[in-house]
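Working notes for the structure below.
Reminder, nothing fancy here: chain letters follow the sequence lines and each chain counts from 1.
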2 protein chains.
Amino acid sequence: MTPHHQEESRCESCPIRERAVCATCDSDELQQLEAIKYYRTYEARQPIMWRGDRMEFVASVVSGTATVEHLTEDGRKQTLGLLLPSDFIGRPGRDTALYDVAAVTEVTLCCFRRKQFEELVQTTPHVSQRLLEMALDELDAVRDWMFLLGRKTAREKIASFLMMYYRRTVTPEQQFGAATVDLSLTREAMADYLGLTLETVSRQFSKLKSDGVIKLEGKRKVIIPDVHALAREAGDDSIIA
Amino acid sequence: MTPHHQEESRCESCPIRERAVCATCDSDELQQLEAIKYYRTYEARQPIMWRGDRMEFVASVVSGTATVEHLTEDGRKQTLGLLLPSDFIGRPGRDTALYDVAAVTEVTLCCFRRKQFEELVQTTPHVSQRLLEMALDELDAVRDWMFLLGRKTAREKIASFLMMYYRRTVTPEQQFGAATVDLSLTREAMADYLGLTLETVSRQFSKLKSDGVIKLEGKRKVIIPDVHALAREAGDDSIIA
DNA sequence: GCGGGATGTTGAGGTATATCAACGACAGGG
DNA sequence: CCCTGTCGTTGATATACCTCAACATCCCGC
């Protein structure tokens, strides 16, 4: 075992320790998880899971970006979720995948064999409670996305996406002055997530840029001079409660 | 207490006993739930909960139809979920509602005071496991709806809605020959659920009717001569796995 | 029986976004 | 260095759905 590998496998120093499915585990429970976990890395643009596949494992994303997507025979594609570090893949209690999962960038997963993980869920309340918490949080996020897909304009969709991406990837201490986000997604991947075509995404980026709401540095780096202005473009009600 | 009321409160004879959050409870756990529950009825078109409200209770739908919806200041509305008997309202661990809930028809809820329910979730694994199961099932349903909202045509949306409604309201033993469904939703409510306008919904109903895919009896009763034909119109891939 | 509100249908016309197409920038491999 | 593939931009045109509007139907209260 290389030193690199060893360092990866120590849960205590894991980058997603605080937010992943193991967040609320005590050291005893962590040991149980440690015993059944293994790491796995996927290259960019590789499939992680196909719909209908037998799911051998569930996993946490340690690094990189992946997507959950649904693809039809006639070529339509809708991205159903963006998987960023600490997000969970798979579902205990189901043995075939319902959706495709694909690596967008290089992705490292912390995998747990499904059968063993399911037993663990039965016996360690901290894991099952955290799993419920994460599922309910995701349900809320997905419902917000339903509003976006059903009722927002293309411009609002792009602004909303940038806000979401900003909130999920930029840490609080970085959030001063002009913000920059480094998108890991192509225009096409964003289109699939937003229920648009890639041309419309590109046009709306150009429009937001010429309107001064964002600046572009290269193709993938977005500078947001005024985060509140972008938030207003997203068309969400100001938070009252 | 009226006899009617007494009958309602016996969990053993509850119509949703097999499918609701209490489905996997043993008789001991059922007693605990019985101790903290109360029934509440709402008239059609009445709000059950407003976004931002303090949530005093969580609840199971016993009878009737309700919707979870998101409404913006500028008047756009998107229905995020249809609540039918056995569906669960609210979320333990959150004290203000994120979405509006409204009664579509007259609705009867089996309510549990939130604080007490949360304690119960901590102590009875059957309830928390069932809650997780239901949350994950709903996540799957909502993801299918995301595909509908993002990528389906108006005609496919209507067909998909009818199939979903058929599957959720018609019991297996009724599923012989020509099927009929009795919609509890107005054209406008369907439009809000499908990300369409009510005019488009009406037109697509007319079109499906003139194409012989459905028949109408009155405004709300839909006869489906060939369920498979309707399923084909829904634009979902045939189930392979 | 008669008004009025809620619901549903249908038509005419407008528009946001999709589609089709051309082209530019860039990266990697031979 | 060029070739090829991936990614992104922009333009011209098409179209699915929305908007606005008129009208029909049903139900309920009086």
The side chain of B/S202 lies closest to which of these nucleotides: D/dC7, C/dG8, D/dT10? C/dG8
B/R151 or B/K219: which one's nearest nucleotide on DNA chain C is closer to the 5' end? B/K219
I'd like to know if B/R203 reaches the base of C/dG11 with its side chain such that a donor and an acceptor end up less than 3.5 angstrom apart. yes
Nearest whole angstrom, please: distance from the P of C/dT9 to the CZ of B/F205. 8 Å
When you measure only distances, ignoring hydrogens and angles, does the side chain of A/E199 come within 3.5 Å of the base of C/dC20 through a donor and an acceptor? yes
With the side chain defined as heavy atoms from C-beta on, B/S206 is closest, among C/dT10, D/dC17, C/dG8, to C/dT10
Over how many whole Å does the gap from A/L196 atom CG to C/dA16 atom C1' extend? 11 Å
Nearest listed nucleotide, side chain of A/T197, among D/dT9, C/dT7, C/dA18: C/dA18
Taking any heavy-atom pair under 4.0 Å as a contact, classify A/R220: base, sugar-phosphate, or nothing. sugar-phosphate
Distance from A/S63 atom OG to A/L84 atom CG, nearest 0.5 Å? 11.0 Å
Mind checking A/G195 for me? I need base, sugar-phosphate or nothing, with any heavy atom below 4.0 Å counting as a touch. sugar-phosphate
Please report the distance, rounded to the nearest Å, between NZ in A/K157 and P in C/dA16. 14 Å
Options C/dT9, C/dT19, D/dC17, nucleotide nearest the side-chain atoms of B/Q204: D/dC17
Salt bridge between A/R91 and B/D140, side-chain N to carboxylate O under 4.0 Å? yes
note: B/L185, atom CG; C/dG8, atom C1'; distance rounded to Å ~ 15 Å
Expressed as a whole number of angstroms, how long is the span from B/R76:CZ to D/dC18:C1'? 13 Å
Whole-Å distance separating the CG atom of B/L183 from the C1' atom of C/dT7: 14 Å
What donor-acceptor contacts under 3.5 angstrom involve side-chain atoms of residues 142-152 of chain A, with partners at least two apart or in another chain?
| from | atom 1 | to | atom 2 | distance (Å) |
| --- | --- | --- | --- | --- |
| A/R143 | NH2 | B/E138 | OE2 | 2.5 |
| A/D144 | OD1 | B/Y99 | OH | 3.0 |
| A/W145 | NE1 | A/Y193 | O | 3.0 |
| A/R151 | NE | B/K77 | O | 2.7 |
| A/R151 | NH1 | B/L196 | O | 3.1 |
| A/R151 | NH2 | B/K77 | O | 3.4 |
| A/R151 | NH2 | B/A191 | O | 3.2 |
| A/R151 | NH2 | B/D192 | OD1 | 3.3 |
| A/R151 | NH2 | B/L196 | O | 3.0 |
| A/K152 | NZ | A/S160 | OG | 2.8 |
| A/K152 | NZ | A/A234 | O | 3.1 |
| A/K152 | NZ | A/D236 | OD1 | 2.9 |
| A/K152 | NZ | A/D236 | OD2 | 3.4 |

Taking CZ in A/R220 as the centre, count heavy atoms belonging to other residues, nucleotides or ligands within less than 6.0 Å. Is the count above 12? yes
Could you tell me whether A/T186 contacts a base, only the sugar-phosphate backbone, or nothing, with contacts defined as non-hydrogen atoms closer than 4.0 Å? sugar-phosphate
Nearest-Å distance, CZ (A/R187) to P (D/dT10)? 10 Å
From CD1 of B/I214 over to P of C/dT9, roughly how many Å is that when rounded to an integer? 10 Å
Which pair of non-hydrogen atoms, one from B/G64 and one from B/T105, has the smallest distance, and what is that distance? CA-OG1, 3.3 Å
With a non-hydrogen cut-off below 4.0 angstrom, is A/L198 in contact with a base, only sugar-phosphate, or nothing? base
